[in-house]
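Have a look at the structure below, then the notes.
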Amino acid sequence: MKRRDRFDLDWFNVESAISMPDRRPIYEWAHDCIEEMPSSYAIQGRFNVRNSPWLIDPLDSMIDPVVRRTTVSKAIQSAGTLMAELATAYRIVNDPGPCTFTCQSDEMATLEGKTRMFPLFESIEQVRRILPRPGPFRTQTEVFFPGGLFFRLNSANISHQQSQSVRYKINDEIWMPRWADVYDDACKRVTAFEQQGTSHILDVSQGGIEGDHADRSFANGSQEEWSAKCAGCGESMPLHIRQRMIDDETTRAGLVWNKDAKRDDETIDEVRAAETARFVCCHCGHEHGDTDQTRAHWRRSGHYVCKHENPPLDWKSYHWEALVAHPMHLLAREFAQAENHFAKYKDDSPRSKFRQKREARSWVVSREAINLFTIEDDGEPYTSEQYIAGTTIPGEVMRIMTVDRQQAGFWVEVRAWTAEPASWQLWFGKIDTIDMVRAIQIKYGVPDQCCAEDRRYQPASVDADCVRFGWRGMMGYKRKSWTMRNEQTGNLENYPHSDPKFSAIGGGHSAPYYELSTFHMKELVASAVTGDGIRWRQPVDGNPLYGEHLAAEEKREVRPGVWEWIEVKQNHNHGFDCSVMQTAVAVIAGMVHCRVGED
């Protein structure tokens, strides 16, 4: 065997060429390296960014040494996830660093690994030759390379966003409620590399609710809108479904259809809307037909227009709607169906889904927070520290603590109740550990049997708490009533809660819990906080977030005669949940009388 001399230039050049990173744009590298996209992808054959030119600028931002964050607000099924996957493969080969790709759930992380990410890795020769064989260094959701580098698919769970420092962080579908308590921790995983100027965070998401992490992430960036040149006037026009003429705010532009699609009852003829769908330029009114030629012209002339007056250099954000990849007639039909559903049932959930998924925009809820501290109250003002353990309010007969467990921490409310009935809030807030919750209980002198914890999240952990401390579990249901015998009258009556139930946790222990009608309990709380029902009192130094939490849900008629409580602010209703459990405990204890009809 020939000895490798340090001056053997042929050997040196070959070895150097093999390890030399490719600094071309990601999409050019992918075009040359991916000869055949895996079968799970809709477009087969060699990757070609001309099919999705709206990916070019976001992909460029991911290798720009100045850019630390990229946010993509995209319509569903428009190559948003593919963009993240291509960037991951490119980095493994050309600019490696520890990376986590966080999906909304463990199931989605596993599915992403099985059907997309690892098949894509295997289709790229440069990645395939450095992948370990399946085993301890490579599973369905993670792979470990020599030198401590790794790639991991995980879920939006707080326990998965701890300890590990990463250079690259990909956050998928951050509009989902479970991201609310996880997002900030997930982004902090890049801190060490950020200090060295080598980190990058990518947020990819459809639209969510106004003010959520997806909304704020886009607003914090450069706010660049995908646009194209009008085939008539040549001006740059945003490819937005919903827009108005520049010189006439009363006239619609964007996706339109014939006026005769509007019926006399204000509903839309879905077939007529679909067959006459077209795109109107907001500058000159030129009509672009629903054809492949139109979409090809948009791809050739497509570009981004920055809407931020003073865009940050280190945070790029991009937005595109479903028009880039979907025929107009399908979008027109779906839009009409959503509007017709609302006209018939006054349920705007299909409308919100269209806005979030097709327009990739946040759903805006017009609702002001209830200001509990302005409700007329003829009682003497009090503070949250005035009635700690050993000091009771006038006429107090019961003190209750309710706990809403989350991925990160616990929301807790303590209230004192009188026979009036009146309910005085003594404490409300969020704390980190169960032992701190116990400390609040002891501080305010709440009996063990008067403490209730919500079982909807991590019921096994809640059951363990109940056995450990002597608490009760609470489980909300849409069910309206449970039939039980009135112990005083002997008659069967309908109650908004069940009789005591028990959950075995092993070791001969069982945790007690109650099932309850969330509808009826929310009705009682809503009546109380608006001054019509239980007297609902707040301390003068109460937590201002409490009012916002109560305003996070509203009662809507989802179909004629059927009303439901709907969450209108993402994962921000914990105070409402705590008060619902407060009222449930008071009803179960007989403090508040509540019987319901047979329906």
Side-chain angles (χ1 to χ4, degrees), residues 24-32 34-61 72-83 85-86 204 206 224-243 245-246 252-258 273-306 318-335 354 357-361:
R24 289 179 298 163
I26 295 174
Y27 42 88
E28 291 184 8
W29 172 86
H31 176 268
D32 291 345
I34 306 176
E35 297 181 1
E36 182 70 31
M37 294 295 292
S39 58
S40 57
Y41 292 84
I43 300 179
Q44 298 294 291
R46 186 179 291 276
F47 172 77
N48 190 342
V49 77
R50 292 180 181 177
N51 294 323
S52 308
W54 49 89
L55 301 183
I56 292 176
D57 285 24
L59 285 170
D60 283 343
S61 75
V72 172
S73 297
K74 48 83 183 178
I76 62 171
Q77 299 293 297
S78 60
T81 303
L82 171 62
M83 173 190 61
E85 294 160 347
L86 293 176
V204 184
Q206 64 163 64
E224 302 185 34
E225 298 286 345
W226 183 247
S227 307
K229 294 291 183 67
C230 172
C233 66
E235 291 288 331
S236 175
M237 57 181 188
L239 295 183
H240 294 169
I241 294 171
R242 213 184 308 233
Q243 53 184 301
M245 295 294 295
I246 297 295
R252 286 192 60 177
L255 180 63
V256 303
W257 44 81
N258 282 7
E275 66 187 13
T276 60
R278 57 203 183 274
F279 186 89
V280 172
C281 171
C282 61
H283 297 284
C284 68
H286 179 80
E287 296 186 352
H288 301 73
D290 183 16
T291 65
D292 290 337
Q293 289 76 15
T294 293
R295 284 179 282 277
H297 169 70
W298 287 350
R299 286 193 292 271
R300 289 192 301 270
S301 65
H303 57 279
Y304 280 101
V305 176
C306 180
Y318 304 93
H319 169 253
W320 66 78
E321 300 191 9
L323 282 169
V324 302
H326 295 270
M328 299 180 204
H329 67 275
L330 296 180
L331 295 173
R333 182 186 295 272
E334 187 175 339
F335 182 94
F354 185 90
K357 297 179 182 297
R358 299 306 187 189
E359 297 178 77
R361 295 185 180 277

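None of these values were measured; they are calculated from a predicted model.
- Here the closest non-hydrogen pair linking Leu331 and Phe354 is O-CE1, 3.6 Å.
- Nearest heavy atoms, Ala231 versus His286: CB-NE2, 4.0 Å.
- Heavy atoms of other residues, nucleotides or ligands lying less than 6.0 angstrom from CD of Gln77 number 12 at most.
- Between the side chain of Asp290 and the backbone N or O of Ala277 there is no donor-acceptor pair closer than 3.5 Å.
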Evaluate side-chain contact (heavy atoms from CB on, under 4.5 Å) for Tyr41 paired with Leu82, printing each intermediate quantity in order.
CA-CA 9 Å; Tyr41 292 84; Leu82 171 62; 3.6 Å; yes

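- A distance of 13.0 Å separates CZ of Arg300 from CZ of Arg295, quoted to the nearest 0.5 Å.
- Taking 4.5 Å as the limit, some side-chain heavy atom of Met245 sits within range of a side-chain heavy atom of Val280.
- In this structure, Pro238 and Ser227 approach most closely via the heavy-atom pair CA-OG, 3.6 Å.
- No side-chain heavy atom of His31 sits less than 4.5 Å from a side-chain heavy atom of Val49.
- The side-chain heavy atoms of Arg361 and His240, taken from C-beta on, include a pair separated by under 4.5 Å.
- Across all non-hydrogen atoms, the minimal contact from Leu86 to Trp29 is O-CZ3, 4.4 Å.
- Environment of CZ in Arg24: crowded, with over 12 heavy atoms of neighbouring residues, nucleotides or ligands closer than 6.0 Å.
- Looking at Glu36 and Gln44, their side chains come closer than 4.5 Å, going by heavy atoms from C-beta outward.
- Considering only heavy atoms from C-beta on, Leu239 stays 4.5 Å or farther from Glu321 through its side chain.
- With contacts defined as side-chain heavy-atom distances shorter than 4.5 Å, the pair Val72/Trp320 qualifies.
- Here the side chain of Asn258 pairs no donor or acceptor atom with the backbone of Thr276 at under 3.5 angstrom.
- With a 6.0 Å radius and a threshold of 12 heavy atoms from other residues, nucleotides or ligands, Glu35 has its CD atom at or below the threshold.
- Going from atom NZ of Lys229 over to atom SG of Cys281 covers 12.0 Å, rounded to the nearest 0.5 Å.
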Would Cys230 and His283 satisfy side-chain contact (heavy atoms from CB on, under 4.5 Å), going step by step from the backbone distance to the final call?
CA-CA 9 Å; Cys230 172; His283 297 284; 5.9 Å; no

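- Of all non-hydrogen atoms in Leu255 and Phe279, the two that sit nearest each other are N-CD1, 4.0 Å.
- Of the inter-residue distances, the one linking Trp54 atom CH2 with Met83 atom CE reads 12.0 Å to the nearest 0.5 angstrom.
- Glu225 and His319 make their closest contact through OE1-ND1, 2.5 Å (heavy atoms, listed as atom of the first residue, atom of the second, distance).
- From Glu235, atom CD reaches atom SG of Cys284 across 8.5 Å, with rounding to the nearest 0.5 Å.
- Taken to the nearest 0.5 Å, the CD atom of Glu224 stands 8.5 Å off from the OG atom of Ser61.
- Taking CZ from Arg299 and OG1 from Thr294, the interatomic distance works out to 10.5 Å, rounded to the nearest 0.5 Å.
- Using cut-offs of 30° and 60° on the angle between ring planes, the pair His288 and Trp298 is tilted.
- For the pair Arg333 and Trp257, the cation-pi test (distance below 6.0 Å, angle within 45°) is failed.
- Taking 4.5 Å as the limit, some side-chain heavy atom of His326 sits within range of a side-chain heavy atom of Arg358.
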